[in-house]
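Some notes on the structure that comes next.
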Amino acid sequence: QVQLVESGGGLVQAGGSLRLSCAASGRTFSSYAMGWFRQAPGKEREFVAAISWSGGSTFYVDSVKGRFTTYRDNAKNMVYLHMNSLKPEDTAVYYCAADRTPRRIFPGRGSYEYDSWGQGTQVTVSS
């Protein structure tokens, strides 16, 4: 497994931006796809975005396409989620997660496909 620590959450007004960071340590970071999930109060954890192990492919849930961008720096063992045009419905605890399968070109959208999770960072968007 890999240890993950998120940062960058906070309170922002609707229309604003935030960048979440996820620092990884442990196993070879560059060999694993990374995912972002979020969980709003009273709701199930949902997939937000994922990036392949090389960074060459990214995937997003429809509700964030065009607003969120994920990218990674394998030299620094970091993955990021840049969020623009934030909406109140984006309010949630955001988690980064590491794929359980190395070098998967198309990372999964199910939380069961990830075996390491960060502690989460709160994102609150006010209207």
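Please read all numbers here as calculations on a predicted model, not as lab measurements.
- To the nearest 0.5 angstrom, F106 atom CZ is 13.0 Å from D99 atom CG.
- Taking all atoms of both residues into account, the shortest heavy-atom contact from T70 to A49 is CG2-CB, 4.2 Å.
- The side chain to side chain contact (heavy atoms under 4.5 Å, CB included) check on E46 picks up R38, with sequence neighbours excluded.
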For residues 80-87, dump all side-chain donor-acceptor pairs below 3.5 Å to protein atoms at least two apart in sequence or in another chain.
{"residue": "H82", "atom": "NE2", "partner": "N84", "partner atom": "OD1", "Å": "3.3"}
{"residue": "N84", "atom": "OD1", "partner": "S17", "partner atom": "OG", "Å": "2.8"}

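- Qualifying side chain to side chain donor-acceptor pair (under 3.5 Å) partners for W53, counting only residues two or more places apart in sequence or in other chains: none.
- In this view, A14 and P88, V125 satisfy the side chain to side chain contact (heavy atoms under 4.5 Å, CB included) rule, not counting sequence neighbours.
- Among pairs with a residue in residues 20-35, those fulfilling side chain to side chain donor-acceptor pair (under 3.5 Å) read R27-D115, at least two apart in sequence or across chains.
- Residues F59 and R109 share a closest heavy-atom pair of CB-NH2, 4.0 Å.
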Give the C-alpha distance, both sets of side-chain angles, the deciding distance and a yes or no for side chain to side chain contact (heavy atoms under 4.5 Å, CB included) between L18 and V123.
CA-CA 9 Å; L18 282 174; V123 172; 3.9 Å; yes
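- Looking at residues two or more places apart in sequence or on another chain, you find a side chain to side chain contact (heavy atoms under 4.5 Å, CB included) between T124 and L11, T91, Q122.
- At a threshold of 4.5 Å between non-hydrogen side-chain atoms, the residues F68 and V61 do not count as touching.
- Proximity of Y71 to V79: side-chain heavy atoms (C-beta onward) are nowhere separated by under 4.5 Å.
- Of all heavy-atom pairs between V48 and Y94, the closest is CG2-CE2, 4.4 Å.
- Between the side chain of Y114 and the main chain of W36, no donor-acceptor pair closer than 3.5 Å is present.
- If you take CG on N74 and OG on S54, they are separated by 8.0 Å, rounding to the nearest 0.5 Å.
- The side chain to side chain contact (heavy atoms under 4.5 Å, CB included) test applied to K43 returns A40, not counting sequence neighbours.
- Within the structure, salt bridge (charged side-chain N to carboxylate O under 4.0 Å, His left out) contacts touching residues 68-85 (residues at least two apart or in different chains) do not occur.
- Qualifying side chain to side chain donor-acceptor pair (under 3.5 Å) partners for R103, counting only residues two or more places apart in sequence or in other chains: none.
- Panel note: side chain E6, backbone G120; a donor-acceptor pair is recorded below 3.5 Å.
- V93 and L20 fall within the same hydrophobic cluster, where Ile, Leu, Val, Met, Phe, Trp and Tyr residues are linked whenever their side-chain heavy atoms come under 4.5 Å apart, directly or through other members.
- Across A24 and V2, no two heavy atoms sit closer than the pair CB-CG2, 3.9 Å.
- Looking at heavy atoms from C-beta onward, F47 lies out of side-chain contact with S111 at the 4.5 angstrom threshold.
- In this view, R100 satisfies the side chain to side chain donor-acceptor pair (under 3.5 Å) rule with no residue, not counting sequence neighbours.
- Within the structure, disulfide (SG to SG under 2.5 Å) contacts touching residues 19-83 (residues at least two apart or in different chains) are C22-C96.
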Test side chain to side chain contact (heavy atoms under 4.5 Å, CB included) on Q119 and V5; report intermediate values, then the result.
CA-CA 6 Å; Q119 83 286 356; V5 178; 4.1 Å; yes
Can W117 and R45 be said to form a side chain to side chain contact (heavy atoms under 4.5 Å, CB included), step by step?
CA-CA 12 Å; W117 294 81; R45 188 172 298 187; 3.1 Å; yes
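- Among pairs with a residue in residues 48-65, those fulfilling salt bridge (charged side-chain N to carboxylate O under 4.0 Å, His left out) read D62-K65, at least two apart in sequence or across chains.
- S52 is not listed as a side-chain neighbour of I105, based on a closest heavy-atom distance of 4.5 Å or more.
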